[in-house]
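Presented below is the structure to which this report refers.
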Amino acid sequence: MTEPLLCVENLTKRFGGFVALTDVSLAIAEGERLGVIGPNGAGKSTLVNCISGLLRPEAGRVYFAGGDITALPAYRRARLGIARSFQIPRPFRSMTLEQNLAIPRDYAAREPTDADALLAQLGLGPKRGALPGTLTQIELRKLELARALAARPRLVIADEVMAGLSHAEIDEMLTVLLALNKSGITILMIEHIMRAVMRFSQRVVVLDAGRKIADGAPADILADKEVERAYLGA
Ligand SMILES: Nc1ncnc2c1ncn2[C@@H]1O[C@H](COP(=O)(O)OP(=O)(O)O)[C@@H](O)[C@H]1O
Ligand SMILES: [Mg+2]
């Protein structure tokens, strides 16, 4: 097997006396679509934060493109090609869509970004001069994704980008994410919506109470008794 693009080894993260992640390990191959699911509070966002550099784990290591990035601050990881979207979109409210993309483009991009092309690709072209406050829910989610993409990442971590969307909007978002993956971007999808994550992912990792309880093909995950118990108990 070729070296994974991202490798998380034995990650443990505590908040005071509370252990949010216990000895979590996973790997993602370049070009892969990996889903991470788990009940509320399972540790999904904490895992994203440890990968993107917002949080430091108490134990374990994170490797990206062959290098140990465990000690690197978030902006250095962004420059290496890790981008993430936030579960609650965090646009700059007083800036237009175009200006919102200029920040990651100028500070994190490894290659030039065509902000106009990126907005057009996501169907936000006509809104390039608008303020985020005028966007619909799905447009805001797309802007959040566009902000991640403006950094020209190799890996995109999408943290619950479908929350609050209708069935049709979820399908639209899936189409966008599949196209990005097809263009060569590795995608880690954190998602609560089972139908979406199972359709999108080539492999699924399940977290429950901070531990990894399953890692396999979507069909195997759906048939997994321990996964079923974790969701019924939630
Ligand atoms: N900054 C924090 N301080 C204290 N506890 C936290 C913090 N962030 C997350 N937690 C706790 O860690 C657990 C996992 O949270 P999170 O990673 O957000 O779960 P998920 O994204 O799977 O819903 C939850 O019990 C949450 O309350
Ligand atoms: Mg979360």
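Given the structure is predicted, the values throughout are model-derived calculations rather than measurements. Just follow the structure's listing: the first ligand is 1, and inside any ligand the first atom is 1. When reading the values below, keep in mind they use all heavy atoms of this one structure, side chains included, and skip hydrogens, waters and symmetry mates.
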Can D114 and L118 be said to form a side-chain contact (heavy atoms from CB on, under 4.5 Å), step by step?
CA-CA 6 Å; D114 183 341; L118 185 52; over 6 Å; no

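Other residues, nucleotides and ligands place no more than 12 heavy atoms under 6.0 Å from the CZ atom of R76. Around the CZ atom of R56, the shell of radius 6.0 Å holds more than 12 heavy atoms that belong to other residues, nucleotides or ligands.
Using a cutoff of 4.0 Å between basic side-chain nitrogens and carboxylate oxygens, E139 and K142 are not scored as salt-bridged. Under 4.0 Å is where a charged nitrogen must lie from a carboxylate oxygen, and between D220 and R203 no such pair does. Ion pairing between a basic and an acidic side chain is recognised when a charged N comes within 4.0 Å of a carboxylate O; D159 and K44 show no such pairing. For K225 and E228, the salt-bridge test passes: some basic side-chain N is under 4.0 Å from an acidic carboxylate O.
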Would you mind listing each N/O atom of ligand 1 next to any protein N/O under 3.5 Å, plus the distance?
unit_1	atom_1	unit_2	atom_2	d
ligand 1	17 (O)	S45	N	3.4
ligand 1	17 (O)	T46	N	2.9
ligand 1	17 (O)	T46	OG1	2.6
ligand 1	19 (O)	G43	N	3.3
ligand 1	21 (O)	S45	N	2.9
ligand 1	21 (O)	S45	OG	3.1
ligand 1	22 (O)	A42	N	3.2
ligand 1	22 (O)	G43	N	3.0
ligand 1	22 (O)	K44	N	2.8
ligand 1	22 (O)	K44	NZ	2.8
ligand 1	23 (O)	G41	N	2.8

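Side-chain contacts under 4.5 Å among hydrophobic residues (ILVMFWY), followed directly or transitively, place L55 together with F15, F18.
Residues meeting the side-chain hydrogen bond (donor to acceptor under 3.5 Å, both in side chains) test with T12, sequence neighbours left out: none.
Around the Mg ion (ligand 2), protein N, O or S atoms at less than 2.8 Å comprise S45 OG, Q87 OE1.
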